[in-house]
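Quick notes on the structure that follows.
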Amino acid sequence: MSSGKHVLTAVAWPYASGPRHIGHVAGFGVPSDVFARYQRMAGNRVLMVSGTDEHGTPILVAADQAGRTPRETADHFNRVIAEDLRDLGLSYDLFTRTTTRNHYAIVQEIFLGLLRNGYVFPKTAMGAISPSTGRTLPDRYIEGTCPICGYDGARGDQCDQCGNQLDPIDLINPRSKVNGEVPKFVETEHYFLDLPAFAESLAGWLRTRTSWRPNVVKFSLNLLDDLRPRAITRDLDWGVPVPLPGWQDRSDKRIYVWFDAVIGYLSASIEWARRSGDPEAWRAWWQSETAEAHYFMGKDNIVFHSEIWPGMLLGYSGRGDRGGEPGRLGALNLPSDVVSSEFLTMEARKFSASRGVGILVRDFLERYDADALRYYLSAAGPETQDTDFTWSEFLRRNNDELVAGWGNLVNRSISMAAKNVGYIPAAGALTDADAALLATAKAAFGTVGEQLGRSRFKAAITDVMRVVAEANKYLSDTAPWKLKDTDPERMATVLHVALQVVDDCKSLLTPFLPASAQRIHELLGGTGTWSGMPELRAASEEGGPDYSVLTGEYRTEARWESVPLPVGRPLQPPTPVFAKLDRSIVDRELARLEGGE
RNA sequence: GGCGGAGUAGCUCAGGCGGUAGAGCAAGCGGCUCAUAAUCGCUGUGUCGCCGGUUCGAGUCCGGCCUCCGCUACCA
């Protein structure tokens, strides 16, 4: 079953302006990890990359507020976020950051490649500047009186009252939301990405994307009707320098953060290859015709992954509407799938760090297990529509499904076998019921695997839980505890079947619940690493400061198939794998939510 | 305002190339006692957001409307 395909798993880069809440990891973190772990078990060569996105105005604002430098702010939140993702068990081959020398070099190379092929051009335009800092003031950071309806709280880009799109220069009494000063409108030269020059090549490509979620394709095709050049530089001192004479050494011109962030997928792949000892290894994921690239993100990020990044890749590769030559790195593959999640709300409200609505990943993991969250997000996450996280639903999913369904099956099966036999018993002649249950579990690798390959996570985990329910029913029907004295051979057969199905379900659930799968692997007498876990490791590069990255060894014996349990392997009486939660946590967490406002 | 998505049992959600709807949980009854009072069986539940149209028949197609979410290119 091992096809050995190269599967790039590209995960959206969390922005390092603050700690992340569970809505963020619901959208891209957990789904991408389930996908990657499944692909590895299925025998494919996975490269899963991401990192923190550390440039841009919001980081500067956060830094100013905290009395820190941008770099200190980025260092701090990079650490916090990386620890969160590690504790969730997300199996990044490399989780790095956008402030590395390597990233700067790759961003500049892409910029120059696009420039050489004529897809990037300079233009002078009016822009708002903060007089005190000299930095670009983004439209949304400017407010004033709407020239159309007279509403006083209008933002520079749009009036919330009348809904009209605005140009900040037209605002009456414009002021900066950051510090209240009056912005200065000046002529400033910037480089633009010529998106209209990709209209045809993007349209041709998007029309072949029949396997994508329909809303993503439709949304993306629709955007093509109104493509405009997009600025890729800013008047800022925090970002990647523009690699051109007269620009390179200026402290007030930087590449705009969105442009550098999407390039992270490529720069992280190259950084990973260098660390692996084979600097060219990344090419197998980016340049082979048979390689796949799956991108995971929230719905607010679709445009960057289905439009802008593909445009940049086409332009660099010389395959935009105006042609050109591939850059120094060579032609680069477009995404083969763009998987977008909807949004998670918290007790019917939008997550909002500023208003204290929600729960941070680290707070969640201090009180509850990572697999409990992963289970909830896999079974009830915002896969195809916005979904609401409630504490009572979390409690219910955990107690009634994870603990009572799956945890209990594991516990009752292994307990009985450990007490009455002490090792994995051999099976005698199989009844129809025995064979049917074994066949159901075996068949699930096909059906569930098919769902996972298409990023249908809810359907996939629901199918596994159906197998779990059938196994619980099988034990009730066959009642092995009654056979101990009357028919021990039959009891041994039933327990053998039950343990085999527990082992199969453990494999089926490994992508979703890696930590508990490891424990169950051990309860069944297995040794060694079944589910590889990420770890934070020190990293360094020539000429730059040390930093740390998330990485790990994920190639284990775990396979996406039913593996016969070795008869005779010793078993110990188990302790519960999942913790049942007390009802009182609902009120306690709701009180915390209220208190946070 | 424009574009896109969503509105289905008490709750969280599936589904739907047109033939009066499903799962899990919650509720009730019964069985079992291996297991974290876990498990197994049986039982009920809905004007499928609103209004109109097409059709023998619409939750499913078409039009309009309401509400929520996202995007709207200088948030990333």
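Just so we're on the same page: letters track the sequence lines, and every chain starts at 1.
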Which nucleotide in the set [options] lies at the smallest distance from any side-chain heavy atom of [X]?
X	options	answer
A:S476	B:C40, B:C34, B:G15	B:C40
A:R230	B:G15, B:A73, B:U36	B:A73
A:R412	B:C40, B:U33, B:A35	B:A35
A:L195	B:A73, B:U12, B:A76	B:A73
A:A469	B:C40, B:U33, B:A76	B:C40
A:A380	B:C40, B:A76, B:U12	B:U12
A:K299	B:C32, B:G70, B:A73	B:G70
A:F578	B:G70, B:U36, B:C40	B:U36
A:D300	B:G70, B:G24, B:C40	B:G70
A:N408	B:A26, B:A76, B:U39	B:U39

Given atom [atom1] of [X] and atom [atom2] of [N], what is their separation to the nearest angstrom?
X	N	atom1	atom2	value
A:I302	B:C69	CD1	P	17 Å
A:L60	B:A76	CG	P	10 Å
A:Y376	B:C13	OH	P	7 Å
A:N399	B:U39	CG	P	10 Å
A:L581	B:U36	CG	P	17 Å
A:N472	B:G31	CG	P	20 Å
A:K484	B:A35	NZ	P	11 Å
A:L402	B:G24	CG	C1'	14 Å

Would you classify [X] as touching base, sugar-phosphate or nothing, given that sugar-phosphate means primed atoms plus P, OP1 and OP2, and contacts are heavy atoms under 4.0 Å?
X	answer
A:V410	nothing
A:L223	base
A:P576	base
A:K473	sugar-phosphate
A:K419	sugar-phosphate
A:I308	nothing
A:V303	nothing

Rounding to the closest angstrom, what is the interatomic distance between [N] and [M] at atom [atom1]?
N	M	atom1	answer
B:G18	B:C61	P	8 Å
B:A26	B:A9	C1'	12 Å
B:G2	B:U60	C1'	28 Å
B:U39	B:C11	P	23 Å
B:C71	B:G10	C1'	34 Å
B:U20	B:G46	C1'	12 Å
B:G53	B:U45	P	30 Å

* **Whichever of A:T575 and A:L236 has its nearest RNA chain B nucleotide further upstream toward 5'** => A:T575
* **First encountered from the 5' end of RNA chain B, between A:N301 and A:A579** =>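 This one resolves to A:A579.
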Once you measure the plane-to-plane angle for [X] and [Y], does it fall in the parallel (<30°), tilted (30-60°) or perpendicular (>60°) bin?
X	Y	result
A:F457	A:F296	tilted
A:W258	A:F304	tilted
A:Y295	A:Y265	perpendicular
A:H21	A:H24	parallel

* Is there side-chain contact between A:Q572 and A:L523, with at least one heavy-atom pair below 4.5 Å? ->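 Not touching, per the 4.5 Å side-chain cut-off.
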What is the pairing partner of [N], taking Watson-Crick or G-U wobble pairs with both distances under 3.5 Å in any strand?
N	answer
B:G10	B:C25
B:C17	none
B:C68	B:G5
B:G46	none
B:U60	none
B:C74	none

* Can you check whether A:K458 has a side-chain N or O nearer than 4.0 Å to OP1 or OP2 of B:A14? -> yes
* Heavy-atom donor-acceptor pair, A:R234 side-chain to B:C74 base, under 3.5 Å ->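 Per atom types, the contact qualifies.
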I'd like to know if [X] and [Y] make a salt bridge, using a cut-off of under 4.0 Å between side-chain N and carboxylate O.
X	Y	answer
A:D400	A:K580	no
A:R454	A:E450	yes
A:E393	A:R396	yes
A:K458	A:E383	no

